[in-house]
Peer 1: 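Structure provided below as structure tokens; questions to follow.
Each chain gets a letter, A, B and so on, in the order the sequences are listed, and its residues count up from 1. None of these values were measured; they are calculated from a predicted model.
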Amino acid sequence: MDYKPRDFEPKWKKYWEDHQIYKVDNNSEQPKFYVLDMFPYPSGAGLHVGHPLGYIASDIFARYKRMNGFNVLHPMGYDAFGLPAEQYALQHGVHPAISTNKNIDRYRQQLGNLGFSFDWDREVRTCEPSFYKWTQWIFLQLFEHFYDTEKDKAVPISILKEHFEQNGSQGIQAANSESISFTAQEWVEMTAKEQNDILMNYRLAYRKLTYVNWCEALGTVLANDEVKDGVSERGGFPVERKPMLQWSLRITAYAERLLNDLQDLEWSEAMKKMQSNWIGRSTGAQVFFEIEGSDRKIEIYTTRPDTIFGATFMVIAPEHDWVAEITTPNQEEEISQYLDYVKSRSERERMSETKEVTGAFTGSFAINPFNNEKIPIWIGEYVLKDYGTGCIMAVPADDERDHRFAEKYGLRIIDIIDKSMYEGASIEDKKGKMINSDFLNGMEVMDAIQAINDRLEEMGIGQPQVNYKLRDAIYSRQRYWGEPFPIVYDKDGVAYPLDISELPLELPDSNDFQPASGTTSPLGRIKEWVNLDNGYTRETDTMPGFAGSSWYFLRYMDPKNNEEFADQKAINYWKDVDLYVGGTEHAVGHLMYSRFWHKFLYDKGLVPTKEPFRKLINQGMIQGVIEFIFLEKQKEGSQYRFVSAELKETEERNGKEFIPIPVLVDYVSEYGSDNSHLDNEGIENFIGWRPEYNDAVFESPSGVFKNGNFTPKNGAVKMIMTTHSEVGKMSKSKYNVINPDDVVEQYGADCFRLYEMFLGPIEQAKPWDTQGIDGVSKFLRKFWGLFFDRNGNWLVKEGTPSKEELKILHTAIKKVSDDIERFSFNTCVSAFMVATNDFKKINSNNKLILEEMVRLIAPFAPHLAEELWYKLEGGGSVHHASYPILNEEYLIEDSIEYPISINGKKRATAEFPADASKEDLEKEAVANQDIQKWLEGKTVRKVIVVPKRMINIVVG
RNA sequence: GCGGGUGUGGUGAAAUUGGUAGACACGCUAGACUUAGGAUCUAGUGCCGCGAGGCGUGGGGGUUCGAGUCCCUCCACCCGCACCA
């Protein structure tokens with residue numbers, strides 16, 4: 001009987017489901033282990049072979065831990081709200097709820113195909129009211145808290161109110177958007193609206209007029225991490241900066257903790273670096289400058305306060321609040337022209353054209369507090385409104401951008417640092433001796449920074465300050481498909497939270513979910529939902545895609561709870577995620593927000609750990625091969641002409657232009673190789689798929705193909721239309737998606753699992769290669785062949801295993817266990833191959849040995865293992881059996897083959913008893929026949945013996 | 001520009017603490033079996049060389065009895081960030 005996975009894989013899937021083999025209990029005496037995958041967006045394209053890579057790895061690990069006596073939480077769910085799901089729904093003209101559910105069903109079926117050990121009873125969907133009730137609830141908790149910078153934790157807003165009533169803003173230590181001061185008396189006399197506005201300045205979830213990333217094409221604002229290179233991450237649409245009244249989360253309050261706690265995480269250095277760069281901590285100083293003819297002082301932030309004597313001008317951001325105020329009448333024209341220019345530029349242009357500095361003079365001057373010199377104040381695009389104070393003192397001698405600006409506008413440059421004693425030091429290195437700097441002269445830069453900071457504080461015009469690049473997270477989206485905000489407004493616009501009894505606030509059903517091109521959200525159009533009987537109105541924006549994913553991992557612990565986001569007992573049992581597997585693309589989005597929410601819940605005593613994800617593994621992308629043929633650029637109405645890759649090369653040199661057209665990989669022969677091409681049949685298929693090219697001419701060195709007729713050249717027997725291959729992301733638009741279902745259909749789920757692992761290290765990107773899978777399939781048949789001969793006869797024999805059999809087995813146990821622990825799954829697979837080959841060689845069919853082998857392979861090939869376990873044991877599930885235990889005794893060798901080297905080059909090998917003494921080995925090695933001829937005429941100076949490893953003879 | 005990573009046969013890769021480089025596969029070559037082969041089995045397969053032997057982990061240099069592994073330096077590619085004051 002041959003290995004036929006199709007015969008038994010479905011049977012066991014059903015068995016596992018019927019018998020709830022993977023059900024997880026929260027009440028267990030066993031130690032816990034939480035293995036989590038980043039849950040997928042159920043997009044319309046379905047899963048491709050890249051998605052399961054991480055799921056397979058985590059499933060193997062979960063199964064391994066389970067067999068080792070852990071109570072393993074290994075759940076799966078769907079990140080079903082947010083832009084991708086909604087864009088799909090819009091494109092296909094169906095309601096997002098319907099398309100999302102359809103996509104989920106497809107994902108569920110595809111995932112089910114692969115034999116994962118998920119406890120499906122714990123499935124979560126972020127778009128279900130029972131789930132987002134608690135997303136809304138956590139949002140309200142954020143709304144009801146502020147960040148106490150003294151206690152360094154979140155504290156209820158009621159405490160803040162009490163403080164204001166008694167002391168006003170005096171002595172308040174809280175993270176805020178801007179510093180405000182008022183007395184207790186003033187507070188008490190304020191209207192509800194005024195008080196509310198002040199509280200908004202402190203809430204962890206707050207509403208404020210901010211410059212946001214507005215994406216017209218998507219009809220919504222986006223968070224910073226959703227914008228890449230000035231365009232939206234989803235769809236690549238232009239993004240502009242625009243002031244809007246939006247909800248934000250005060251993640252910046254947690255910046256320091258988010259940075260510091262990275263240190264204890266078992267994440268890759270790259271991942272930690274990405275996060276710490278995103279947080280972007282810098283230390284410097286805040287300095288106030290007087291403005292000539294005004295009693296206001298302008299605040300700047302600098303990391304180089306020591307260079308203040310070289311500050312010959314100031315630059316403030318064009319969006320800075322004070323621009324109008326400090327612009328003098330005769331500069332108004334110029335400034336307003338410049339502002340128009342800035343406005344006309346897209347975010348994209350602003351980011352890509354950074355070499356050219358631009359600006360305009362406001363006409364005002366600041367006063368250098370140390371020498372009373374007048375410093376002209378300019379506005380310039382290169383100063384960002386969001387960072388620091390939106391205003392800098394420019395030191396052209398010590399900053400490249402300031403230098404360019406000064407050169408362009410003819411501003412003064414004063415050298416303030418002598419770097420002559422530091423060869424190769426760059427303009428921005430903090431090295432050198434201060435010159436032209438009054439009381440700082442002669443000091444080293446680092447000392448000067450200290451000295452000037454002290455002086456600033458003495459004079460009361462500044463102080464050391466820490467700054468972060470991290471921005472608060474914009475939390476409003478002007479879209480339909482998201483969690484509604486549990487917020488209502490009175491007629492003054494004061495925001496009130498809904499009571500928990502009113503949660504979930506369900507998303508109203510509507511077929512009018514198109515995003516508006518202006519700034520109103522689709523929900524705003526549902527008047528009966530927005531307007532309440534008491535005259536209050538609802539918030540019409542929805543929450544962003546990252547809302548649900550910021551806490552979903554906690555919900556799996558107790559997914560059906562309707563009283564709490566999860567039962568405290570469950571949370572205290574499962575605590576945190578021990579192993580989290582997912583892609584690097586979430587480095588600064590999801591992973592940052594989750595850590596932030598988790599820390600907030602930690603402050604509230606609702607979770608027992610500071611960090612949600614202890615260990616993180618980033619699976620590499622499985623890339624697809626994209627195949628192109630080339631369409632000649634042509635005049636309107638003329639015939640389509642395609643050429644092969646070679647022809648394109650030559651014709652391009654003659655000035656012709658071509659457009660690469662992707663071809664379905666199914667039509668390409670030998671795809672991914674140097675010889676990838678379309679043959680006659682391939683071209684017919686291509687035309688069938690793209691009928692608009694029905695009459696096109698196809699040309700290659702092998703001939704011409706047109707209307708089904710092939711005219712050969714150079715004696716060719718068929719059309720060879722060479723394609724151009726590229727390796728890239730698998731995507732529907734590139735027609736290079738491989739569906740795991742097809743692979744499972746052909747080879748079986750176990751083979752698919754094993755092959756994806758065998759492909760290479762889990763963290764590495766690698767192209768999908770259709771050829772290699774045969775090797776794994778062959779291995780599975782060989783493994784099966786240890787149990788059955790080709791006629792289906794049972795080969796397994798009872799008896800005492802031989803020493804040799806035990807050695808092969810335990811070598812495999814050691815290798816596989818060690819390699820699972822270090823997430824080296826590709827080498828596990830090769831260890832199985834080695835063991836199988838070895839057993840085959842000695843015709844081993846011992847039952848005790850094979851039982852162990854079946855348990856060893858169970859996490860990798862769960863169906864095969866279950867089938868063989870059933871044949872061996874007659875019942876029970878191998879997945880409830882224990883993992884094989886290594887007995888080192890079986891690995892001990894009687895004799896060892898030593899390599900013998902001369903001056904480090906291997907010249908011979910020889911077998912010696914394992915317990916041979918160093919002296920004997922030395923003597924024997926030198927006496928070795930093969931070695932002797934190398935020693936002729938040489939003197940042996942030294943012999944190095946590393947027991948059980950090697951022998952090296954040093955000659956001179 | 002800054003930060004991180006990678007570089008090993010024709011290909012995917014292995015080598016866990018400095019100790020036989022290329023395990024395990026794919027591919028390729030030859031052979032066996034077979035009505036057939038895109039099935040199976042056997043042998044071979046880093047490169048150069050008939051051979052003895054030499055060379056070999058991106059290049060160059062160093063430490064060491066011994067370096068893919070450690071140090072210095074240069075190069076290439078990939079990823080992330082990028083006017084952050």
Side-chain angles (χ1 to χ4, degrees), chain A residues 2 228-229 268-278 280-282 284 300-304 307 315 317 350-357 380-384 386-395 398-402 404-405 426 428 467-471 584-585 587-588 618 620-621 672-674 755 758-761 763-776 778-779 781 790 815 818-819 821-822 824 826-834 836-837 897-909 941-946 948-955:
Chain A
D2 284 341
K228 289 234 150 82
D229 301 322
S268 70
E269 276 317 300
M271 213 62 179
K272 289 190 193 181
K273 265 276 146 54
M274 275 189 236
Q275 288 229 332
S276 67
N277 286 346
W278 190 258
R281 183 184 201 272
S282 73
I300 62 113
Y301 171 74
T302 178
T303 54
R304 297 298 302 276
T307 62
V315 188
R350 231 178 131 161
M351 291 178 95
S352 56
E353 299 161 22
T354 58
K355 283 279 162 286
E356 176 79 13
V357 283
E381 234 187 347
Y382 81 95
V383 173
L384 308 173
D386 287 337
Y387 186 75
T389 61
C391 176
I392 62 162
M393 64 174 203
V395 184
D398 212 54
D399 181 281
E400 212 197 300
R401 295 150 305 169
D402 297 347
R404 268 187 269 135
F405 197 89
S426 79
E428 295 182 5
N467 233 308
Y468 303 93
K469 283 196 236 175
L470 184 70
R471 301 270 73 87
T584 45
E585 66 272 23
V588 289
N618 301 114
M621 202 172 26
S673 75
D674 291 344
Y755 180 57
F758 190 58
L759 228 38
E763 303 211 303
Q764 212 159 85
K766 52 232 151 188
W768 179 261
D769 167 21
T770 36
Q771 295 185 321
I773 196 164
D774 287 329
V776 174
K778 212 184 283 180
F779 153 71
R781 288 198 294 269
R790 304 196 71 181
K815 178 78 181 150
D818 286 358
D819 287 359
E821 296 279 359
R822 63 189 186 99
S824 176
N826 54 330
T827 52
C828 290
V829 178
S830 71
F832 287 125
M833 291 174 170
V834 170
T836 304
N837 291 342
E897 193 181 271
Y898 280 87
I900 306 172
S901 303
I902 291 170
N903 290 348
K905 279 206 192 310
K906 191 185 82 174
R907 297 298 182 188
T909 56
R941 297 201 188 273
K942 204 172 164 191
V943 180
I944 289 161
V945 176
V946 182
K948 299 190 164 67
R949 287 264 185 210
M950 46 67 67
I951 299 164
N952 188 21
I953 301 169
V954 186
V955 299

Peer 1: Quick one: which of B:A85, B:A25, B:A14 gets closest to the side chain of A:N837?
Peer 2: B:A25
Peer 1: Taking CG from A:D819 and P from B:A13, how many angstroms apart are they, rounded to a whole number?
Peer 2: 17 Å
Peer 1: Working to the nearest 0.5 angstrom, can you tell me the gap between A:I951 CD1 and A:R907 CZ?
Peer 2: 15.5 Å
Peer 1: Taking a pair as Watson-Crick or G-U wobble with both distances under 3.5 Å, which nucleotide is matched to B:G22?
Peer 2: none
Peer 1: If you compare every side-chain N and O of A:R907 against the phosphate oxygens of B:G54 (OP1, OP2), does one of them come in below 4.0 Å?
Peer 2: yes
Peer 1: Nearest to the side chain of A:K228, which nucleotide is it out of B:C81, B:C83, B:A25?
Peer 2: B:C81
Peer 1: Can you tell me the base-pairing partner of B:U69? Count Watson-Crick or G-U wobble geometry only, both distances below 3.5 Å, and say none if there is no partner.
Peer 2: none
Peer 1: What does A:K469 touch in the nucleic acid at a heavy-atom separation under 4.0 angstrom: a base, only the sugar-phosphate, or nothing?
Peer 2: base
Peer 1: Please state how far atom CG in A:N826 lies from atom P in B:C24, giving the value in whole angstrom units.
Peer 2: 14 Å
Peer 1: Glycosidic conformation of B:G18, syn or anti, with 90° from 0 as the boundary?
Peer 2: anti
Peer 1: Whether A:R822 contacts B:A15 is assessed here as follows: a side-chain N or O lying under 4.0 Å from the phosphate OP1 or OP2. Is that the case?
Peer 2: yes
Peer 1: Could you give the distance separating B:U40 and B:G7 at their C1' atoms, to the nearest angstrom?
Peer 2: 38 Å
Peer 1: Nearest of B:U40, B:C84, B:A15 to any side-chain atom of A:R781?
Peer 2: B:U40
Peer 1: Between B:G66 and B:G58, how far apart are the C1' atoms? Round to whole Å, please.
Peer 2: 23 Å
Peer 1: Check the orientation of A:Y387 and A:Y301. Use parallel for under 30°, tilted for 30 to 60°, and perpendicular for over 60°.
Peer 2: perpendicular
Peer 1: Go through B:A13, B:U16, B:A85 for me and flag the one nearest to the A:V383 side chain.
Peer 2: B:A85
Peer 1: Determine the minimum heavy-atom distance between A:A394 and A:D402, stating which atoms define it.
Peer 2: CA-OD2, 3.3 Å
Peer 1: B:G9 and B:G1: how far apart are their C1' atoms, nearest whole angstrom?
Peer 2: 37 Å
Peer 1: Nearest 0.5 Å, what's the CD1-NZ distance between A:I900 and A:K906?
Peer 2: 10.5 Å
Peer 1: Between B:C72 and B:C65, how far is it from one C1' atom to the other, in whole Å?
Peer 2: 23 Å
Peer 1: Measure the spacing between OH of A:Y898 and CZ of A:R949 and express it to the nearest 0.5 Å.
Peer 2: 10.5 Å
Peer 1: I'd like to know whether A:D399 forms a side-chain contact (heavy atoms from CB on, under 4.5 Å) with A:T307, so could you lay out the CA-CA distance, the side-chain angles of the two residues, the decisive distance to 0.1 Å, and finally the verdict.
Peer 2: CA-CA 10 Å; A:D399 181 281; A:T307 62; over 6 Å; no
Peer 1: Between the base of B:U11 and the side chain of A:K766, is there any donor-acceptor pair under 3.5 Å?
Peer 2: no
Peer 1: Look at the side chain of A:S830 and decide which nucleotide, out of B:A85, B:U16, B:C24, has an atom nearest to it.
Peer 2: B:C24
Peer 1: Would you measure the distance from the C1' atom in B:U57 across to the matching atom in B:U6 and give it in whole Å?
Peer 2: 13 Å
Peer 1: Please lay out, stage by stage, how A:R404 and A:Y382 fare under the test side-chain contact (heavy atoms from CB on, under 4.5 Å).
Peer 2: CA-CA 11 Å; A:R404 268 187 269 135; A:Y382 81 95; over 6 Å; no
Peer 1: Within less than 4.0 Å of OP1 or OP2 of B:G66, is there a side-chain N or O belonging to A:R949?
Peer 2: no
Peer 1: Side chain of A:V946, heavy atoms from C-beta onward: which of B:G19, B:G12, B:U16 has the nearest atom to it?
Peer 2: B:G19
Peer 1: When you compare B:G44 with B:G59, how far apart are their C1' atoms, in angstrom units rounded to a whole number?
Peer 2: 33 Å
Peer 1: Closest nucleotide of RNA chain B for A:G760 versus for A:M271: which of these residues is on the 5' side?
Peer 2: A:M271
Peer 1: Could you tell me which nucleotide pairs with B:G1 by Watson-Crick or G-U wobble geometry, both distances under 3.5 Å, or answer none if nothing does?
Peer 2: B:C81
Peer 1: If you only use heavy atoms from C-beta on, which nucleotide in B:U20, B:C84, B:G80 is closest to the side chain of A:P899?
Peer 2: B:U20
Peer 1: How would you label the contact of A:N952 with the nucleic acid (heavy atoms, under 4.0 Å): base, sugar-phosphate, or nothing?
Peer 2: base
Peer 1: Looking only at side-chain atoms of A:V834, point me to the closest of B:A85, B:C24, B:G4.
Peer 2: B:C24
Peer 1: Could you walk me through whether A:R822 and A:D819 satisfy the salt bridge (charged side-chain N to carboxylate O under 4.0 Å, His left out) test, starting with their C-alpha distance in whole Å, then the side-chain angles of each, then the deciding distance to 0.1 Å, before giving a yes or no?
Peer 2: CA-CA 5 Å; A:R822 63 189 186 99; A:D819 287 359; 3.2 Å; yes
Peer 1: Is there a Watson-Crick or G-U wobble partner for B:U64 with both distances under 3.5 Å, and which nucleotide is it?
Peer 2: none
Peer 1: For B:G38 versus B:G49, give the span between their C1' atoms, rounded off to a whole number of Å.
Peer 2: 36 Å
Peer 1: Ignoring hydrogens and angles, answer whether the base of B:C81 and the side-chain atoms of A:N277 contain a donor-acceptor pair closer than 3.5 Å.
Peer 2: no
Peer 1: Please determine whether a side-chain nitrogen or oxygen atom of A:K778 lies at a distance below 4.0 Å from atom OP1 or OP2 of B:C26.
Peer 2: yes
Peer 1: Look at the side chain of A:I392 and decide which nucleotide, out of B:A85, B:A39, B:A14, has an atom nearest to it.
Peer 2: B:A85
Peer 1: What is the distance from CE of A:M621 to P of B:U6, rounded to the nearest Å?
Peer 2: 17 Å
Peer 1: Expressed as a whole number of angstroms, how long is the span from A:L384:CG to B:C81:C1'?
Peer 2: 14 Å
Peer 1: Report yes if at least one side-chain N or O of A:Y301 is closer than 4.0 Å to OP1 or OP2 of B:A85; otherwise report no.
Peer 2: no
Peer 1: Of A:D399 and A:T909, whose closest RNA chain B nucleotide lies nearer the 5' terminus?
Peer 2: A:T909
Peer 1: Can you tell me how far apart CD (A:Q764) and CG (A:L759) are? Round to the nearest 0.5 Å.
Peer 2: 10.0 Å
Peer 1: Paired with B:A39: which nucleotide, if any, by Watson-Crick or G-U wobble criteria at under 3.5 Å for both distances?
Peer 2: none
Peer 1: Between C1' on B:G18 and CD1 on A:I944, what's the gap in Å once rounded to a whole number?
Peer 2: 12 Å
Peer 1: May I ask you to say what A:M950 touches in the nucleic acid, namely base, sugar-phosphate or nothing, with a heavy-atom cut-off under 4.0 Å?
Peer 2: base
Peer 1: Between P on B:G4 and CD on A:E269, what's the gap in Å once rounded to a whole number?
Peer 2: 9 Å
Peer 1: Taking atom C1' in both B:G19 and B:G10, what distance in whole Å separates the two?
Peer 2: 30 Å
Peer 1: Under 4.0 Å, heavy atoms only, any strand: does A:P767 hit a base, just the sugar-phosphate, or nothing?
Peer 2: nothing
Peer 1: With both distances under 3.5 Å as the test, what is the Watson-Crick or G-U wobble partner of B:C47?
Peer 2: B:G54
Peer 1: Whole-Å distance between B:C24 P and A:F758 CZ?
Peer 2: 10 Å
Peer 1: Can you check the A:Q764 CD to B:A13 P distance for me, whole Å?
Peer 2: 5 Å
Peer 1: Would you mind telling me which of B:C83, B:U16, B:C84 lies closest to the side-chain atoms of A:E381?
Peer 2: B:C83
